[in-house]
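Down below is the structure, laid out as structure tokens.
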Amino acid sequence: MFRFILHKLALIVPTVFGITIAAFAFIRLLPGDPIEAMVGQHGITPERYAILKEQFGYNLPIWEQYFNYIADLLRGDFGISLATKRPVIDEFLTLFPATVELSLFAMLLAVLLGILAGIFSAIKRGSWIDQMTMGVALAGYSMPIFWWGLLLIIFFSGYLGWTPVSGRIALSFFFPRVTGFMLIDSLVAGKPDAFVSAIRHLILPSVVLGTIPLAVIARQTRSAMLEVLGEDYVRTARAKGLEPRRVIGVHAFRNALIPVVTTIGLQVGLLMAGAILTETIFSWPGIGKWMIDSISKRDYVSVQSGLLLIALIVMAVNLLVDILYAVINPRIRVQ
Amino acid sequence: MSADTPIAAPTGRFAALREFWYYFSVNRGAVLGLAVFVVLLLVAIFAPLLAPFPPEQQFREFIRMAPPWAGGTQSQFLLGTDEVGRDILSRLIHGARFSLFIGFFVVTAALFSGVTLGLVAGYFRGWVDALIMRIMDIILAFPSLLLALVLVAILGPGLFNAMLAIALVLQPHFARLTRAAVLSEKSREYVVSAKVAGAGHLRLMFITILPNCLGPLIVQATLSFSNAILEAAALGFLGMGAQPPTPEWGTMLARAREFITSAWWIVTMPGLAILITVLAINLVGDGLRDALDPKLKRS
């Protein structure tokens with residue numbers, strides 16, 4: 001197992017290296033000079049320009065610039081945001097829990113409903129229920145989620161008035177930030193009504209962000225179940241006279257779970273892309289919206305570090321999934 | 001399916017096509033998807049003839065007019081008008097051109113570069129392979145929409161740059177598929193015999209090996225087609241794709257957020273067009289996978 005983890009780590013080293021190069025190159029690929037790109041088109045005095053150029057180290061040879069960039073990163077220095085003048089890493093860490101909270105809820109929804117729908121479809125294979133479920137799943141998979149979010153707002157927030165339109169919590173609530181997770185912080189502060197407000201704010205964004213993963217998981221679960229249901233051991237279990245619930249739940253589902261877990265792991269990158277759209281629609285103060293805002297404000301230092309951090313996080317999660325996968329399925333480890 | 005009459009062993013191109021159609025048409029959803037796609041294609045081609053009005057013509061006196069079947073008073077605007085009084089139906093019809101063009105362009109670009117890279121990597125192996133595949137890994141390490149956004153930030157907002165960015169983001173899938181297929185085909189007898197007969201590298205790569213890897217590539221191309229349309233619409237929605245007043249469906253939605261309470265049809269219609277198009281293409285994709293993947297044929 002230890003060797004397996006080492007092997008996996010060794011495999012991602014070049015990718016991590018490449019990601020830092022990509023982030024490093026980003027600012028230098030912007031049209032025009034990097035300093036001009038940062039300060040905008042308003043123009044600055046030549047003296048100020050020279051000072052800035054030296055301050056950012058753009059007068060050094062390129063390999064030395066890259067070396068300094070990596071050294072800064074290793075010291076935890078991700079640059080200073082051009083928009084807020086605060087360290088980028090502070091901004092990122094402030095907003096990150098909001099995205100995690102949203103993603104976890106979306107994933108919870110997607111996994112629970114997706115697996116249920118997939119199993120149900122597989123058992124009733126070919127029936128109209130199966131066809132309808134899979135039709136809905138394909139529609140979900142084809143969904144432009146930014147539009148789906150707007151539709152849900154029109155119906156549930158506008159027409160029915162059930163859920164708030166945007167944000168994480170009603171503005172009337174104040175409590176100290178402990179973890180950055182609204183649901184936990186509101187309980188820590190002992191404010192159950194704030195907790196309820198946070199839940200109400202979470203529902204629509206989670207549904208929107210969870211839609212595509214839900215559809216993917218449902219389709220994958222169905223096909224994995226169909227494959228397993230045809231296996232000899234399932235037939236044997238049936239022939240032994242075990243009740244169908246046990247055959248499906250234990251004999252079939254446990255084995256179908258392996259490809260499903262992989263699929264769930266693969267959704268992490270997709271969630272981050274979805275978070276950009278979902279957070280924009282619901283004004284959810286997470287890193288997806290922060291990235292969009294940074295791009296439109298031309299805060300390229302934030303964009304650069306956001307790009308790097310998001311890619312590294314997605315990679316770390318994928319690595320974790322790989323390891324978990326090996327824990328569940330010993331066959332993988334041997335290879 | 002196994003109960004059906006067995007088909008004679010296919011000989012020649014026509015028979016192969018017939019066998020393909022046999023498996024494809026079993027999937028009713030796929031046939032429906034194909035029909036919708038053909039209709040969309042016709043709409044895109046004949047857009048100026050079909051659209052009741054030019055897409056950019058503004059009827060200032062009929063701003064935000066509801067569709068006639070939903071309380072609107074102007075029966076000439078079948079799907080209502082938008083915030084500056086343009087006929088939404090006409091814009092959607094012209095928008096079909098953009099979305100389908102985006103799909104074709106992106107898939108062609110991603111397919112061409114991805115397949116070439118994958119062929120080269122799988123055929124030559126060694127450091128070429130390592131270098132190409134590591135670059136593909138790096139591209140895949142970024143969430144696709146985020147990478148496309150950043151690329152557009154570098155290239156500048158606009159439809160063409162958005163398409164380039166999406167093509168770049170989608171190409172690793174083609175490279176990986178092609179490489180995997182090449183690796184499994186490379187040591188087969190027909191390749192070895194072609195090599196012995198004196199075929200050069202290019203001929204071996206493109207003429208001997210490539211046609212035998214086409215199945216999964218076609219399926220991936222279909223999926224990429226719908227993905228490209230979705231991503232381009234998302235970029236348009238975020239203001240980084242096609243710029244107004246282009247009647248691109250995602251761009252049409254960019255300002256729609258302001259009207260979610262006052263004029264729902266401005267929000268609903270463009271998104272519905274995206275959903276129908278993408279769904280139709282994905283239905284075709286599912287059908288193609290069933291028809292082209294021999295492993296699934298007898299299931």
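Convention: sequence-line order gives letters A, B, ...; per-chain numbering from 1.
- What you find for A:G18 and B:I138 is that their closest heavy atoms are CA-CD1, 3.3 Å.
- Within the structure, side-chain hydrogen bond (donor to acceptor under 3.5 Å, both in side chains) contacts touching residues 308-320 of chain A (residues at least two apart or in different chains) do not occur.
- A distance of 11.5 Å separates CE of A:M315 from CG of B:L140, quoted to the nearest 0.5 Å.
- In this structure, B:W69 places its CH2 atom where more than 12 heavy-atom neighbours from other residues, nucleotides or ligands lie under 6.0 Å away.
- In this structure, A:L150 and B:F237 have side chains that are in contact, with non-hydrogen atoms separated by less than 4.5 Å.
- By the neighbour-count criterion of 12 heavy atoms within 6.0 Å, atom CH2 of B:W265 is densely surrounded, having more than that number from other residues, nucleotides or ligands.
- Taking every heavy atom of both residues into account, B:P143 and A:I310 meet most closely at CG-CG2, 3.8 Å.
- Counting heavy-atom pairs under 4.5 Å between each of B:D286, B:I281, B:I274 and chain A puts B:D286 at the top.
- Contacts between A:M143 and chain B at a heavy-atom distance below 4.5 Å involve backbone atoms as well as side-chain atoms.
- Contact annotation for A:Q304: neither backbone nor side-chain heavy atoms come within less than 4.5 Å of a heavy atom of chain B.
- By number of non-hydrogen pairs under 4.5 angstrom with chain A, the leading residue of B:I154, B:L145, B:V278 is B:I154.
- Counting all heavy atoms, side chain and backbone alike, A:I295 lies closest to B:A153 at CG2-CB, 4.2 Å.
- The backbone N or O of B:V267 lies less than 3.5 Å from a partner atom in the side chain of A:W147, making a donor-acceptor pair.
- Residues from residues 8-16 of chain A that place a non-hydrogen atom less than 4.5 Å from a non-hydrogen atom of chain B comprise A:P14, A:T15, given in numerical order.
- Here the closest heavy-atom approach between residue A:P144 and residue B:G271 is recorded as CG-O, 4.0 Å.
- The side chain to side chain contact (heavy atoms under 4.5 Å, CB included) test applied to A:S157 returns A:I153, A:T163, A:V165, A:L204, not counting sequence neighbours.
- Rounding to the nearest 0.5 angstrom, the gap separating the OG atom in A:S142 from the CG atom in B:N227 is 10.0 Å.
- Contacts of A:L138 with chain B are made by both backbone and side-chain atoms, with heavy-atom separations under 4.5 Å.
- Residues B:L146 and A:M291 are in side-chain contact: their nearest non-hydrogen atoms beyond the backbone lie under 4.5 Å apart.
- No part of B:I229 comes within reach of chain A, as not one of its non-hydrogen atoms sits under 4.5 angstrom from that chain.
- When heavy atoms are compared at a cutoff of 4.5 Å, A:I292 approaches chain B solely by way of its side chain, counted from C-beta outward.
- Within the 4.5 angstrom heavy-atom criterion, no atom of A:L270 approaches chain B.
- Neither the backbone nor the side chain of B:S226 comes within less than 4.5 Å of any heavy atom in chain A.
- Within the structure, salt bridge (Lys or Arg N to Asp or Glu O under 4.0 Å) contacts touching residues 137-149 of chain B (residues at least two apart or in different chains) are B:R134-B:D137, B:D137-B:R176.
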query = Passes side-chain contact (heavy atoms from CB on, under 4.5 Å), B:F142 versus A:V314? Steps please.
reply = CA-CA 8 Å; B:F142 294 97; A:V314 170; over 6 Å; no

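- In this structure, the portions of A:L307 lying under 4.5 Å from any heavy atom of chain B include both its backbone and its side chain.
- Of the atoms belonging to B:L223, it is side-chain heavy atoms, and not backbone ones, that fall under 4.5 Å from chain A.
- Both the backbone and the side chain of B:L272 come within less than 4.5 Å of a heavy atom in chain A.
- Atom CG of residue B:L230 and atom CD1 of residue A:I212 lie 6.5 Å apart, to the nearest 0.5 angstrom.
- Contact count versus chain B (heavy atoms, under 4.5 Å) is highest, among A:V303, A:I281, A:L151, for A:I281.
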